[in-house]
Structures are given as structure tokens and as C-alpha cells.
Amino acid sequence: MNHRRPLHLIILGALCMLSASCGQQYKAESVVKDFMEKNLKDVSELKIEEFHSLDSTRNISDSALHQMQIRATQTPHYRQNLDFEGSKSGKMLKMIRVDYRLGKDKHQDTYYLDTDLSKVVSFKNNH
């Protein structure tokens, strides 16, 4: 009787889950970085310092998301004609906080992504 077999399965399962979450983190970082590079007014001074852990929220209604999108277009260091077309909150959004610099100025934004991690649906400037 081999009592180690269940332990191996538990460890293998945990590694698979960890691998999947690392893959989601990397994909979210890539989508956000692409969004920033496409939409910042002066991307030449962009230096990303830290991506925080990917998380999710179910607490953003479509109307709250729309208001956040309007405020995002008023963020001084972003282009005003940001394209969030077709973005709805749905049942859940993924979110990731990013610390970055534009020249000497420090910024921290929270980016909201669709559940497929295929696009940024909005962001808010934290400071």
C-alpha cells in the first residue's frame, strides 16, 4: 500500500494551480503594459516599477464602470480619446495595481480587465 501517492497528487494539483495563476498574472501585466504604451501621452518616460497581485471584483456596476471610464479620459498623462468601446462590467472584473514613473513623477493606477484578460475596460488613478 502506497500512502505517498495521494501526497504526490496534492502537490501536483497545487503546482498546476500556481502555474495557472502565474500565467494569468503575466497575461494581465502584458495587457496593461500594452494599454499604457498605446495610450500614454509620453510613453518615452514610462518606467514600470511594480505590478501588484492580480485580483478580482464583483462590486463594479456598469454605471460605476462608465463613470470610471469618463474620469480615466480626464487623467492628464493619458490621451483623452481612450477607447473602452463595448466594455461592460459583467459579473466580474480582474484588477491589477501598477506603480510607475513618468520622468520624475510617481503614479499608481488600478487597471480593470475583462475576465478573459484580453483588454483593459477602465482604470483609476490612485495618486
Worksheet item: Where the side chain of Lys106 meets the backbone of Asp99, is there a donor-acceptor pair that is under 3.5 Å apart?
Response: no
Discussion item. Surrounding CD of Gln67 (heavy atoms of other residues, nucleotides or ligands, distance under 6.0 Å), is the total greater than 12?
Written reply: yes
Worksheet item: Under a single-linkage definition using a 4.5 Å side-chain heavy-atom cutoff for Ile, Leu, Val, Met, Phe, Trp and Tyr, are Ile70 and Leu65 assigned to the same hydrophobic cluster?
Response: no
Side-chain atoms of residues 29-38: list all donor-acceptor pairs with protein atoms under 3.5 Å, sequence neighbours left out, distances to 0.1 Å.
from: Glu29; atom 1: OE2; to: Gln25; atom 2: NE2; distance (Å): 2.9

Discussion item. Any non-hydrogen side-chain atom of Lys124 less than 4.5 Å from a side-chain atom of Met95?
Written reply: no
Item to complete: Calculate, to the nearest 0.5 Å, the distance between atoms OG and CG belonging to Ser122 and Leu113 respectively.
Response: 10.5 Å
Response to the item:
Residues Met68 and Ile60: closest non-hydrogen pair is CE-CD1, 3.9 Å
Practice prompt. Report the C-alpha separation of Leu46 and Leu102 in whole Å, then their side-chain angles, then the decisive distance to 0.1 Å, and conclude whether the side chain to side chain contact (heavy atoms under 4.5 Å, CB included) test is met.
Written response: CA-CA 5 Å; Leu46 173 64; Leu102 291 172; 4.1 Å; yes
Practice prompt. Considering non-hydrogen atoms only, spot the tightest contact between Phe123 and Leu82 and give its length.
Written response: CE2-CD1, 3.7 Å
Response to the item:
Taken to the nearest 0.5 Å, the spacing of Thr73 OG1 from Arg79 CZ works out to 11.5 Å
Practice prompt. Grab the two heavy atoms, one from Leu54 and one from Ala28, that are nearest each other, plus how far apart they are.
Written response: CD1-CB, 3.8 Å
Fill in: Result of checking Val120, Asp116, Val121 against Ser118 for side chain to side chain contact (heavy atoms under 4.5 Å, CB included)
Asp116
Fill in: Partner set under ring pair (Phe, Tyr, Trp, His ring centres under 6.0 Å) for His66, not counting sequence neighbours
none
Worksheet item: Out of curiosity, Asn81 CG to Asn39 CG, how far, rounded to the nearest 0.5 Å?
Response: 8.0 Å
Worksheet item: Looking at CG of Asp55 and CD1 of Ile96, how far apart are the two atoms once the value is rounded to the nearest 0.5 Å?
Response: 10.0 Å
Practice prompt. Might you work through the side chain to side chain contact (heavy atoms under 4.5 Å, CB included) test for Asp105 and His77, ending with a clear yes or no?
Written response: CA-CA 11 Å; Asp105 298 327; His77 50 276; over 6 Å; no
Worksheet item: Mind checking what makes salt bridge (charged side-chain N to carboxylate O under 4.0 Å, His left out) contact with Arg101, not counting sequence neighbours?
Response: Glu49
Response to the item:
Tightest non-hydrogen contact, residues Asn126 and Asp109, listed as ND2-C, 3.5 Å
Fill in: Heavy-atom pair of closest approach, residues Ile48 and Tyr100
CA-CB, 3.9 Å
